[in-house]
Amino acid sequence: MRLFIAVNFSVETCVRLIRLQDALRAVATRGRFTTPENLHLTLVFLGSCTPAQTLAAQAVMDAVAFSPFPIAIDRLGRFLREGGDIWWAGVQSPEPLMFLQRDLADRLRIAGFQLEDRPFHPHITLGRDIIAPMPTKTVSPFGETVCNISLMESSYTAGKLIYTPIYSVLSNTPEA
């Protein structure tokens, strides 16, 4: 199983993300856009996991303590790639988000997971292999309160990439 831990979004936030995709799609000459049901914020990518590792990841998620916290999506950006860029919606980096991500990664490493060794830049992938100029549309900040995180399975079904939540945990302290 290919797994990652993520924040999934409300319908309202997904609708706003789709509007950003639509603006990008309107100026793109090429690209593969993330399907609406796959829009998420990856906290930690685990890769291929055994059943034992899946249970270990769930135990780590259970051990992490976090209170609900707001996030705001406030910009568009891209990772430059030869043959087409990865376009994303940027997420402000509030301390609770950064702490949650670091805590998860640290605990997963202690549990024996080999994680990517690169800085965490919170973003939502809107599309890949995109050829487009930077849209002139500005992003009015929007977002939601994060109250849970999910262990997600990445699989291909009938040639379509599907992300399925297989385990979730709620924040363990009430919203302030």
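The number of heavy atoms from other shown groups lying within 6.0 Å of CD (Glu95) is above 12. Counting non-hydrogen atoms of neighbouring residues, nucleotides and ligands closer than 6.0 angstrom, the CZ atom of Phe79 exceeds 12 such neighbours. With a 6.0 Å radius and a threshold of 12 heavy atoms from other residues, nucleotides or ligands, Glu116 has its CD atom above the threshold.
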| task | Step by step, work out the side-chain contact (heavy atoms from CB on, under 4.5 Å) result for Val64 and Val169. | result | CA-CA 9 Å; Val64 170; Val169 296; over 6 Å; no
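Within the 4.5 Å cutoff, the side chain of Val139 has heavy atoms near those of the Phe142 side chain. Under the 4.5 Å side-chain criterion, counting only non-hydrogen atoms from C-beta, Gln58 is in contact with Thr54. Using a 4.5 Å heavy-atom threshold, the side chains of Glu153 and Ile162 count as separate. Taking 4.5 Å as the limit, some side-chain heavy atom of Leu97 sits within range of a side-chain heavy atom of Leu43. Side-chain contact check for Ile149 versus Leu100: some heavy-atom pair is nearer than 4.5 Å. Between Ser171 and Ser67 there is no side-chain heavy-atom pair separated by less than 4.5 Å. Taking 4.5 Å as the limit, every side-chain heavy atom of Ile86 sits out of range of all side-chain heavy atoms of Arg78. Within the 4.5 Å cutoff, no side-chain heavy atoms of Leu3 are placed close to those of Met152.
One finds the CG atom of Leu151 at 6.5 Å from the CG atom of Leu46 (value rounded to the nearest 0.5 Å). Here the straight-line distance linking atom OG1 of Thr42 with atom CD of Gln101 works out to 10.5 Å at 0.5 Å rounding. A distance of 9.5 Å separates CG in Leu41 from CG in Asn8, rounded to the nearest 0.5 Å. Here the CG-OG1 distance, from Leu161 to Thr35, works out to 7.0 Å after rounding to the nearest 0.5 Å. Taken to the nearest 0.5 Å, the OH atom of Tyr163 stands 14.0 Å off from the OG atom of Ser150.
With salt bridges taken as basic N to acidic carboxylate O contacts below 4.0 Å, one links Arg107 and Asp103. Salt-bridge formation is not detected for the pair Arg19/Asp22: no Lys NZ or Arg NE/NH1/NH2 atom is positioned less than 4.0 Å from an Asp or Glu carboxylate oxygen.
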For residues 119-134, run the donor-acceptor check on the side chains, cut-off 3.5 Å, and write out each pair with its distance to 0.1 Å, sequence neighbours left out.
{"from": "His123", "atom 1": "ND1", "to": "His121", "atom 2": "O", "distance (Å)": "2.6"}
{"from": "Asp129", "atom 1": "OD2", "to": "Arg32", "atom 2": "NE", "distance (Å)": "3.0"}
{"from": "Asp129", "atom 1": "OD2", "to": "Arg32", "atom 2": "NH2", "distance (Å)": "2.8"}

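Looking at Thr13, its side chain never comes within 3.5 Å of a backbone N or O of Phe9 through a donor-acceptor pair.
One side chain, Glu144 or Ser10, offers a donor N or O that lies under 3.5 Å from an acceptor on the other.
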